[in-house]
2 protein chains.
Amino acid sequence: MIRPAVALIGSFRQHYPHVLAAAQVFLDNGIAVKSPPMSWITNPGREFVRFASDPPRSSDHAIQAGTLEKIFASDFVYVVNPGGYIGRTTAYELGRVRERGLAVFYAEPPEDLPIDVPEGTVVSALDLAIAIGRGTGVRPRPIRRPRVAALPTADIVIFTIRLGRLHVLLVKRGTDPFRGKLALPGGFVRPGESLEDTAMRELKEETGLDSSGIRLRQLHTYSHPQRDPRGRIVTTAFLAIAPNLPEVTGATDAYRADWVEVEESLWQNGGRLAFDHGVILQEGLERARQLLEHTTVGLDFCGKHFTISELREVYEAVWGVKVNPQNFQRKVRNTTGFVVKTKEKRTSRPGAPAELFRRGTAHILYPPMMRPGQQQRTRRENQPTNMV
Amino acid sequence: MIRPAVALIGSFRQHYPHVLAAAQVFLDNGIAVKSPPMSWITNPGREFVRFASDPPRSSDHAIQAGTLEKIFASDFVYVVNPGGYIGRTTAYELGRVRERGLAVFYAEPPEDLPIDVPEGTVVSALDLAIAIGRGTGVRPRPIRRPRVAALPTADIVIFTIRLGRLHVLLVKRGTDPFRGKLALPGGFVRPGESLEDTAMRELKEETGLDSSGIRLRQLHTYSHPQRDPRGRIVTTAFLAIAPNLPEVTGATDAYRADWVEVEESLWQNGGRLAFDHGVILQEGLERARQLLEHTTVGLDFCGKHFTISELREVYEAVWGVKVNPQNFQRKVRNTTGFVVKTKEKRTSRPGAPAELFRRGTAHILYPPMMRPGQQQRTRRENQPTNMV
DNA sequence: GGAATAGTGTCTATTAGACACTATTGT
DNA sequence: ACAATAGTGTCTAATAGACACTATTCC
């Protein structure tokens, strides 16, 4: 649980003392104040207020952009509007904030601005601070519980195997934050889309190919309040598995997309992934490993026709261990519905010509493929255990 | 290619003739004008302008909401601001529009509003119309791709076993939508909370007891755009498992919380659950069944001390099948770290006194507990299969 | 005493893992 | 010729499922 944060907006030029007083109330009640800075005004009387903490040489709209960033990084917005007055800059900020979906509360009912003011959103700073504070204090007036709006995004962990090694698709970020760092492909949910729609669209855009045959599986949703410096962004990670795609080009976006070896991207390079994508990749990898045990997704790495050795190499690449070829062969062939023999054979490397298979109808492997080296094993004898 | 559409904003009160003139220019060049209506003003001189085509009885902000809808339905926005003047309502609309990512063009450079005006966006209506009509020049490109803000919520599927049957905690909704229907407990994410924080807080509130020992697992995130009639609400479902709790009272909220038998809530009663909670419950149940196979969560249903028969009844209740008592006994006792024998015995029902156990250190069962009736089984012989 | 339960022993079918072996190819 | 690969056979240890059996309790 992170300390909640508020941004105060309003006509600083006219009402700065009121703003300071309200900010103090929030601070006294354990709520962080992201904006305005607790500073002093250097150009009193001017239309656009500047604070001593603002960089003196930057333009008005650069300062305003910084203010909006701080506002978006907070959990809710409090409008300080004595007499109901809301100026033009505040009106503009209010539009941005409301379109973004942040919760907005008002000190007084807004005058002369035709906006919807829901029941319970006109409230004093103290009442609001008390209602938010974790103390179950008395709520003197009915106020709507502050809800947090978030921008949902979908990020994709897509694996493939190249030269016998597991690779993941990463993009180099072209914009801040984390400009130049590697990140998982993904993007924001657009109007009318579900997370699955977004993931599929992004996958198409990033790989630049027909990904209609690629199945997406939801992995996990990451919602830590500070996981993205831009504000409240909640991402849902998806897992996808692709057969060996020859080349990939980021089709629509300026940044480049490339296959990177998984081990390398996780441990090497000093180059940590952007945001929490390192964790997401790690957890996606573990999920892929589990899926190989229990389902037939290993086939998704292969083309339409494949040999059992190729399938084994998939398991070895994903699991990161060697698998006994003979026993693997028998397990695969003896599991109903896993693979179906074709009449063709392939003879590429030294050795007997290998039979070609195509996928069977099964999707679940029960009993599962046993992953080596996981043995917790049952005990041989019923010895008296005394684990604490 | 659909006919492009523009929305004009600006101070209609002061500049309506300019607005009409600009609109005519767009119309003459084959561009649709979504807003304002080509109508006349019924309340000249008043702060908030009303048109003859507006419903006369509706409130200012209802009309404004309709206007915003039309603006958002257009492809770009043209700000009619003679002398650079932008009023407060226009500033608010501008904020909404820019946050939405729509392209914005200005008749003149905006004065006294600290916003970013990109190169080439100050342009006459005629130039703009021609550029768009010809398709050659300035293409209205979104400043930023439209994003959707959503309210994240956490819903909880919490199971327990009462009288040998699996129960789930459901609440009766006290407000619309779905007033009076049963739903999963849950709620909106509050400032500073992660989804996990929200789920834990709601669980405490709903069960009204110390749930510090209860572990939450994320299940799935449901994001269909129309899954909640109130708007864009994205819910993440969590799974929790509780030992037999004697009674539950919804502590903070007006609605009642009660344990309901799972089979009943899913199939019977004609009473479908609210929202998509029926699906969530179904998928949560399947996940719980899988977890019992692969982990020691079955112990979470039991108290601190338990007999092996009690644990078996947990498996039977969740899986919905009978389990062979002898083999279950052996499997549990022979799996290292699953359970630890205590020195006590319990003698409640007819039969020999049962030994009491407590939980071991293991969390993962490998190899797993085999769930009966899942057999896809491997083949006895390597028969030629011909599955399609 | 009869029924129900707890716990152990035993048998069978199946499987994972290990290894031997043959057949077939590229170099 | 040699090394590498494909595929089959066989042995061992472990396990799931089935059932028999004893001991202990409640009614």
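Just so it is clear, the structure is predicted and the values come from calculations on it, not from any experiment. Sequence lines set the chain letters: A, B, ... in the order given, protein chains first and strands last, and positions in each chain run from 1.
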Rounded to whole Å, the CZ-C1' distance (B:Phe328 to D:dA18) equals 17 Å

OP1 or OP2 of C:dT15 less than 4.0 angstrom from a side-chain nitrogen or oxygen of A:Lys331, does that happen here?
no

note: A:Met369, atom CE; C:dT15, atom C1'; distance rounded to Å ~ 13 Å

note: A:Leu365, atom CG; C:dA16, atom P; distance rounded to Å ~ 11 Å

What residues 297-319 of chain A contributes to the DNA chain D interface at heavy-atom separation below 4.0 Å is A:Ser309, A:Arg312

Applying side-chain hydrogen bond (donor to acceptor under 3.5 Å, both in side chains) to B:Thr221 and not counting sequence neighbours gives A:Thr221, B:Thr236

Taken to the nearest whole Å, OH/B:Tyr366 to P/C:dA16 is 10 Å

All heavy atoms of A:Arg287 vs all of A:Leu219, minimum pair found to be CG-CD2, 3.3 Å

By side-chain contact (heavy atoms from CB on, under 4.5 Å), A:Ala199 pairs with (sequence neighbours left out) A:Ala154, A:Ile156, A:Leu216, A:Phe238

Kindly list each side-chain donor-acceptor pair under 3.5 angstrom involving residues 318-325 of chain A, sequence neighbours excluded, with atom names and distances?
| unit_1 | atom_1 | unit_2 | atom_2 | d |
| --- | --- | --- | --- | --- |
| A:Trp319 | NE1 | A:Arg289 | O | 3.1 |
| A:Asn324 | OD1 | A:Gln326 | N | 3.0 |
| A:Asn324 | OD1 | A:Asn327 | N | 3.0 |

Those residues at least two apart in sequence (or on a different chain) that pass salt bridge (Lys or Arg N to Asp or Glu O under 4.0 Å) with B:Arg165 are B:Glu261

Tabulate atom names and distances for all N/O pairs under 3.5 angstrom spanning the protein and nucleotides 19-22 of chain D.
| unit_1 | atom_1 | unit_2 | atom_2 | d |
| --- | --- | --- | --- | --- |
| D:dA20 | N6 | B:Gln326 | NE2 | 3.3 |

So the side chain to side chain donor-acceptor pair (under 3.5 Å) pairs with at least one residue in residues 344-354 of chain B (sequence neighbours excluded) are B:Glu310-B:Arg346, B:Glu313-B:Arg349

Taken in chain and number order and not counting sequence neighbours, the residues that satisfy salt bridge (Lys or Arg N to Asp or Glu O under 4.0 Å) with A:Arg312 are A:Glu316

Note on DNA chain C: ranges paired as stems (three or more Watson-Crick/G-U pairs in a row, both atom distances under 3.5 Å) are C:1-27 with D:1-27

From CE of B:Met370 across to C1' of D:dA14 the rounded distance in Å is 13 Å

* Flag for B:His224-B:Asp276: side-chain donor and acceptor within less than 3.5 Å -> no

For residues 278-310 of chain B, the ring-ring contact (aromatic ring centres under 6.0 Å, His included) pairs (sequence neighbours left out) are A:His294-B:His294

Stepwise side-chain contact (heavy atoms from CB on, under 4.5 Å) test for A:Val279 and A:Gln282: CA-CA 5 Å; A:Val279 176; A:Gln282 187 80 61; 5.5 Å; no

Sorted by chain and number, sequence neighbours left out, salt bridge (Lys or Arg N to Asp or Glu O under 4.0 Å) with B:Glu286 holds for B:Arg371

From CG of B:Asn334 across to P of D:dG17 the rounded distance in Å is 14 Å

Under a 4.0 Å heavy-atom cutoff, the residues of residues 343-355 of chain B touching DNA chain D are B:Thr347, B:Pro350, B:Gly351, B:Ala352, B:Pro353

In terms of heavy-atom contacts, B:Met370 and A:Pro367 come closest through CE-CB, 3.7 Å

Between CD of A:Gln329 and C1' of C:dA18 the distance, given in whole Å, is 16 Å

Practice prompt. Could you check B:Leu182 against B:Ser265 for side-chain contact (heavy atoms from CB on, under 4.5 Å), going step by step and ending with a plain yes or no?
Written response: CA-CA 9 Å; B:Leu182 291 176; B:Ser265 66; 5.8 Å; no

